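Report on the following structure.
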Number of protein chains: 2
Amino acid sequence: MRIGELAGRVGVSTRALRYYEEQGLLRSQRTASGQRLYPDSSVDRVRLIRQLYTAGLSSALIAVLLPAIDARHVDPELMGLLVQERERIRDKVAGLQEAGRRLDVLIGLAAHPDARPCPGSLGREESTEASGSAAPGSEPV
Amino acid sequence: MRIGELAGRVGVSTRALRYYEEQGLLRSQRTASGQRLYPDSSVDRVRLIRQLYTAGLSSALIAVLLPAIDARHVDPELMGLLVQERERIRDKVAGLQEAGRRLDVLIGLAAHPDARPCPGSLGREESTEASGSAAPGSEPV
DNA sequence: CTTGCCCTTGACGTCAACGTCAAGTCCTAG
DNA sequence: CTAGGACTTGACGTTGACGTCAAGGGCAAG
């Protein structure tokens, strides 16, 4: 298939596909006149690329990752990056879930305006400071 | 405290703190000479801002969100954005976890090079296509 | 008074993943 | 043959959250 059809199937722009190729993430055959031709497998391939992008991986890392996925083999120097990136993803998930709970509290607040939310579930948790020297009132946020 | 101390405590740059103020996320008192002064509570405040940022929320949304958090009340027009953003976070978490599992497979692959990974756990899942018209060999990726 | 560090505003730079426009080529339908 | 849509490369624009540099003021120690 040509680039427009692939773009339409996956739901990305043709610009993006050319960009992926430029970054070494995607290859293509060419017709005699220079137009790109893709096999059907490119659909899944681009979906995988998108998935890695949305996981926050950079083009450079994806570029070294894809051959490892294809060969089902990682060499040790890549291994470090992989473990490190895995940890980053874990942290990111935790942060997202934490923020998600915050939003849930706010959303539930509107649904049940009477039920008081758990203290500290909306920020400023450890307010255990008995701040004595501050002039009360007129304190900024 | 002044801006440098706040930055040091939270672990962000002074530039970031001024940027937050510029975006309406953070306020400060000023000394007679114009230097910013923050109460201790700003430490938690900035941590909360960082958390919302890392959750992928924009400055604009955080700017309308923070007063709602403070007042523990959301008005209906904000409510829509909130639910929408909640859904976006949920999707993002799912995408991240999926990519995390992919990385886990690769990592485990290096640890146990013999155990064969589950088919499809490394991309190109539904390869159930018996592609008949493709010339075998010399097909691009 | 000077040294030195912290602070101020203003303005321009950065980076990544594309969007967008330009000028020309390819190809299919009628 | 011609219209028009799909394609090519090249190059510049965009966006958000800051980084960084410039030029100057504030302030405690020696």
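What you see is a predicted model, and the numbers here were worked out from it, not measured in a lab. Values below: every heavy atom of this structure, side chains too, minus hydrogens, waters and symmetry copies. Here is the naming used below: chain letters follow the sequence lines, and residue numbers restart at 1 for every chain.
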What I want to find out is whether [X] reaches [Y] closely enough, with some N-O distance under 4.0 Å, to be called a salt bridge.
X	Y	answer
A/D91	A/R88	no
B/R90	B/E87	yes
B/E5	B/R9	yes

Both B/G4 and B/R15 contact DNA chain C. Which one's nearest nucleotide lies toward the 5' end?
B/G4
Let me spell it out: for each of A/A16 and A/A32, pick the nucleotide of DNA chain C with the closest heavy atom. Which residue's pick is nearer the 5' end?
A/A16
Using a cut-off of 4.0 Å on non-hydrogen atoms, how would the nucleic acid contact of [X] be classed: base, sugar-phosphate, or nothing?
X	result
A/R18	base
B/S59	sugar-phosphate
B/S58	sugar-phosphate
A/S13	sugar-phosphate

Starting from [atom2] on [N], measure out to [atom1] on [X] and report it in whole angstrom.
X	N	atom1	atom2	answer
A/L57	C/dC18	CG	P	13 Å
A/E22	D/dT9	CD	P	10 Å
A/I3	D/dC7	CD1	P	7 Å
A/Y19	D/dG13	OH	P	18 Å

Assess the side chains of A/S59 and A/Y53: does a donor N or O sit below 3.5 Å from an acceptor N or O?
yes
For D/dT8, does either OP1 or OP2 sit under 4.0 Å from a side-chain N or O belonging to A/R36?
yes
Which listed nucleotide (D/dT9, D/dA17, C/dC6) is nearest to the side chain of B/Y53?
D/dA17
